[in-house]
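Heads up: the structure comes next, in structure tokens.
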Amino acid sequence: MRKTRIKGGNQPNKQKKTSWLPKPLNIIVNKVLPVIVLLVIGYFFAPNVSMNFQNNDVKQLDNQAKAVMFYKADCSHCQKVYPTVFWHNVLNFQNQAKQVQTINVANVNNQHYIPEQSIESTPTFKNLKTGRAFVITDKQQLKQYLEKGEPK
């Protein structure tokens, strides 16, 4: 007895699956929702990534910036306020005069700033034009400082 193969018999069924969701909901679930999830994840993790992996070898202080934030990535107060500074800088990325330069003084390349700038604790915000420095650990005080240049 001779075996006969039927052409295409072993091919998977390539018909489109029909979703149990209506088409508008299917679009939202498959295309819009993943984008929203990625944006939310980015909102929470981008500052953390920036705090830990950037600002590691700052060659000079930016005299054009509104202020300089001296921080340590493992400092709990710094971790609390850094996202506010990060998003402030993102929203003002085209206006250098509103930017806050961030310097991680826990990095060995930046530790010379501690005695040079008289940093006693972190996070320290220093206005290079006036020479005034503030330790700000409260988000509301930080917002006030970023808006008006003086903490409450």
Side-chain angles (χ1 to χ4, degrees), residues 12 14-152:
K14 292 187 179 184
Q15 291 178 343
K16 283 187 173 182
K17 289 184 177 180
T18 55
S19 175
W20 56 273
L21 292 172
K23 187 168 183 159
L25 285 177
N26 194 24
I27 290 170
I28 290 171
V29 168
N30 291 326
K31 298 192 178 182
V32 176
L33 191 59
V35 171
I36 291 171
V37 167
L38 286 175
L39 289 173
V40 168
I41 289 170
Y43 177 80
F44 289 107
F45 288 109
N48 190 30
V49 170
S50 173
M51 181 179 205
N52 288 292
F53 298 109
Q54 290 183 351
N55 318 314
N56 289 328
D57 189 8
V58 179
K59 298 295 181 200
Q60 65 185 27
L61 297 178
D62 184 356
N63 291 321
Q64 301 301 314
K66 178 181 189 85
V68 178
M69 175 188 178
F70 298 97
Y71 74 94
K72 291 183 178 180
D74 61 350
C75 163
S76 63
H77 295 296
C78 299
Q79 292 167 357
K80 181 179 167 186
V81 297
Y82 189 90
T84 302
V85 172
F86 176 85
W87 290 113
H88 170 82
N89 284 345
V90 168
L91 294 174
N92 294 291
F93 75 97
Q94 290 185 326
N95 189 347
Q96 185 65 23
K98 289 189 174 185
Q99 292 283 308
V100 176
Q101 182 181 19
T102 54
I103 299 177
N104 183 0
V105 293
N107 185 285
V108 294
N109 297 316
N110 298 328
Q111 288 181 348
H112 63 92
Y113 289 113
I114 295 171
E116 287 174 11
Q117 298 297 320
S118 303
I119 306 302
E120 295 179 11
S121 63
T122 57
T124 294
F125 292 84
K126 187 164 187 177
N127 181 325
L128 297 178
K129 292 175 182 97
T130 65
R132 295 190 69 191
F134 304 95
V135 175
I136 304 173
T137 59
D138 179 72
K139 286 183 181 182
Q140 291 301 344
Q141 287 181 340
L142 177 58
K143 288 178 185 178
Q144 174 80 19
Y145 179 72
L146 294 174
E147 289 174 14
K148 299 190 172 132
E150 294 288 325
K152 282 185 178 179

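The shown structure was predicted, so the numbers you read here are calculated from the model rather than taken from an experiment.
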Can you tell me how far the [atom1] atom of [X] sits from the [atom2] atom of [Y], to the nearest 0.5 Å?
X      : Y      : atom1 : atom2 : value
Lys72  : Ile103 : NZ    : CD1   : 14.0 Å
Asn107 : Tyr71  : CG    : OH    : 9.0 Å
Lys98  : Leu146 : NZ    : CG    : 10.5 Å
Ile119 : Phe70  : CD1   : CZ    : 4.5 Å
Lys148 : Lys143 : NZ    : NZ    : 13.5 Å

Looking only at heavy atoms, which two atoms of [X] and [Y] are closest? And how far apart?
X      : Y      : answer
Asn63  : Lys129 : O-NZ, 3.4 Å
Asn110 : Asn104 : ND2-O, 3.0 Å
Gln141 : Asp138 : N-OD2, 3.0 Å
Glu147 : Lys66  : O-NZ, 4.3 Å
Met69  : Val81  : CE-CG2, 3.8 Å
Ile136 : Pro123 : O-CG, 3.1 Å

Side-chain touch Val68/Val100, heavy atoms, less than 4.5 angstrom: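 No - every pair of side-chain heavy atoms lies 4.5 Å or more apart.
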
Contact check, side chains of Leu142 and Phe125, non-hydrogen atoms, under 4.5 Å: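 In short, these two side chains touch, coming nearer than 4.5 Å.
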
When you measure from the side chain of [X] to the backbone N and O of [Y], does any donor-acceptor pair fall under 3.5 Å?
X      : Y      : answer
Gln99  : Asn92  : yes
Asp62  : Gln101 : no
Tyr113 : Val58  : yes
Thr130 : Arg132 : yes

Please check if the number of heavy atoms outside [X] that lie under 6.0 Å from its [atom1] is greater than 12.
X      : atom1 : value
His88  : NE2   : yes
Lys139 : NZ    : no
Glu120 : CD    : no

Test item: side-chain donor near acceptor, Gln117 and Lys126, under 3.5 Å: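 Yes, side-chain donor-acceptor contact under 3.5 Å.
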
